[in-house]
A.B. asks: 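After the structure tokens below, expect a handful of questions from me.
In what follows, chains carry the letters A, B, and so on, assigned in the order in which the sequence lines appear, proteins first and then strands, with residues in each chain numbered from 1.
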Amino acid sequence: MTKLIIILLSAVFINNYVLSRFLGICPFLGVSKKLDSATGMSLAVIFVMLMATAATWPIQTYLLDPNGLGYLQTIVFILVIAALVQLVEIVLKRYIPSLHKSLGVYLPLITTNCAVLGVTILNIDEGYTFIEAMVNSLGSGLGFFLAMVMFSGVRSKLEGTDVPKNFKGLPITLVAAAITSLSFLGFGGVIENLFA
Amino acid sequence: MEAILTAVIPVVIIGVICAAVLVIASKVMAVKEDERFPKVRECLPGANCGACGYAGCDGYAKALCENSDTPTNLCIPGADGVAKQLSEVLGVEFADVVEQVAVVHCSGDCEHTQDKVDYQGIATCKAAKLLYGGKGSCSYGCLGLGDCAAVCPKEAICIEDGIAHVNPKDCIGCGMCAKECPNHLISLVADVKRVVVACSSKDKGAVTRKVCSGGCIGCKKCEKVCPNGAIKVTDNVAVIDYEKCHDCPDFAACARSCTTGCIVIGDLSGYHRVKH
């Protein structure tokens with residue numbers, strides 16, 4: 001149990017996918033302008049990360065590894081995740097149209113999000129069991145959520161500031177992102193010693 | 001060769017399985033959509049300006065499909081071209097679109113009025129408005145920080161000499177600027193040659209005179225010369241009722257009679273008229 005909590009917390013804070021591993025930067029910069037779209041995107045990412053792990057972990061463990069096809073990991077994962085997201089979209093459109101509408105364009109966008117591929121591959125590399133892998137995915141998704149919500153707050157503050165002309169737009173956003181990610185450095189080493 | 005096959009075959013099999021599942025799922029769980037909807041949506045310009053009164057182009061397209069009574073001439077940015085396409089797709093009679101352009105009812109540029117403070121705050125009209133009604137000495141006038149220019153999808157508005165100017169040649173009449181202006185200075189008028197009151201000051205004549213040499217002082221001269229009775233001075237500012245302002249035997253008599261020159265003849269031949 002302690003291990004699961006450590007995995008969850010370290011996925012959220014220490015190995016935050018956006019701010020420490022620098023995966024999923026595209027949506028981080030692209031849809032963090034408004035809080036509601038940032039929340040929508042993050043919820044979709046959490047959902048897809050969990051679904052993708054649930055699908056790819058068995059494929060790796062029971063299909064690729066026993067047959068010595070571990071080197072096909074990346075391409076098979078991309079294939080499976082893309083198909084999975086499409087399937088989820090079809091199902092949502094049919095049965096939960098309101099959720100489909102609120103996730104909107106984010107769901108298909110996530111298909112090729114490197115954070116999703118990253119979490120599935122790292123789950124395998126770390127040698128997690130299925131439960132651990134799912135917890136790690138949840139933590140990674142929550143970490144993404146945290147980073148997005150935090151950064152949308154930072155950006156809404158940026159809107160009202162008088163930025164030098166050369167820095168307007170994306171440059172100042174990148175500078176702000178760098179400073180935000182620095183703040184997450186402070187978490188290093190905290191979680192491991194939490195339960196010691 | 002064998003190594004390639006052992007790699008390719010599993011991937012192909014997985015791909016085929018995924019494809020089969022997706023095909024079955026899309027067939028089984030297909031959602032019925034009005035087949036006219038994508039066609040109708042394609043006709044619309046996609047500016048999502050809300051000039052039609054619906055929530056964006058999708059909303060208007062949906063209303064057109066679901067309710068056959070919805071008029072096809074509501075899309076002002078799309079003008080007659082879109083109305084024609086819509087009536088073709090939906091099989092209804094073509095209705096002419098009244099093209100409109102935006103006009104700014106303020107003439108308080110640097111020549112006519114002065115700033116009362118040196119405003120250094122957030123550079124939007126909305127923020128400036130919160131601080132004692134803006135930097136200009138006339139609290140009804142154009143704040144000149146370009147909120148309207150920022151929302152304009154066609155870049156038809158420019159800020160010159162401290163006030164906003166609409167270039168009617170580029171204006172598609174979506175009305176986004178009119179919604180954005182905190183002083184409600186922008187309105188939409190039909191895009192023909194007509195007179196426009198370039199002032200919105202509700203201050204008494206003497207006050208208006210003091211702060212701006214180009215403002216309407218409410219002298220009612222124009223009211224008297226208008227043969228159609230289309231101009232009325234209400235709240236110390238002349239307002240033109242465009243319903244009555246047409247077929248004028250003495251065109252622009254009001255503009256000629258205006259003491260401060262705040263009634264101007266605008267050639268509002270807009271974007272649509274130039275294009276078509």
A.B. asks: Counting only heavy atoms not in A:Lys33, do more than 12 fall under 6.0 Å of its NZ?
C.D. replies: no
A.B. asks: What heavy-atom pair brings B:Pro10 and A:Leu69 nearest, and what distance separates the two atoms?
C.D. replies: CG-CD1, 3.6 Å
A.B. asks: Which atoms of A:Leu63 come close to chain B, meaning under 4.5 Å heavy atom to heavy atom: side chain ones, backbone ones, both, or neither?
C.D. replies: side chain
A.B. asks: If you count heavy atoms of other groups shown closer than 6.0 angstrom to NZ of A:Lys34, is the number above 12?
C.D. replies: no
A.B. asks: Does a sphere of radius 6.0 Å around NZ in B:Lys62 hold more than 12 heavy atoms from other residues, nucleotides or ligands, not counting ones at 6.0 Å or beyond?
C.D. replies: no
A.B. asks: For A:Ile121, does the CD1 atom sit with more than 12 other heavy atoms under 6.0 Å from it, leaving out its own atoms?
C.D. replies: yes
A.B. asks: What part of B:Ile122 gets within 4.5 angstrom of chain A, counting heavy atoms only: side chain, backbone, both, or neither?
C.D. replies: side chain
A.B. asks: Measuring heavy-atom distances to chain A, does B:Thr6 have an atom under 4.5 Å in its side chain, in its backbone, in both, or in neither?
C.D. replies: both
A.B. asks: Rounded to the nearest 0.5 Å, what separates atom CD in A:Gln86 from atom SG in B:Cys18?
C.D. replies: 11.0 Å
A.B. asks: Which heavy-atom pair separates B:Ala3 from A:Tyr71 by the least distance, and what is that distance?
C.D. replies: O-OH, 4.2 Å
A.B. asks: Look up atom CG in A:Leu64 and atom CD1 in B:Ile14, then write down how far apart they are to the nearest 0.5 Å.
C.D. replies: 6.0 Å
A.B. asks: Using a cut-off of 6.0 Å, state whether more than 12 heavy atoms not belonging to B:Tyr132 lie near its atom OH.
C.D. replies: no
A.B. asks: Please state whether the side chain, the backbone, both or neither of A:Leu87 comes within less than 4.5 Å of a heavy atom of chain B.
C.D. replies: both
A.B. asks: Looking at A:Asp36, I'd like to know if its CG atom is crowded, meaning that more than 12 non-hydrogen atoms belonging to other residues, nucleotides or ligands lie closer than 6.0 Å.
C.D. replies: yes
A.B. asks: First locate atom OG of B:Ser26, then atom NZ of A:Lys93, and finally report the distance between them rounded to the nearest 0.5 Å.
C.D. replies: 10.5 Å
A.B. asks: Using a 6.0 Å cut-off, check whether atom CD of A:Glu126 has over 12 heavy atoms from anything other than its own residue.
C.D. replies: yes
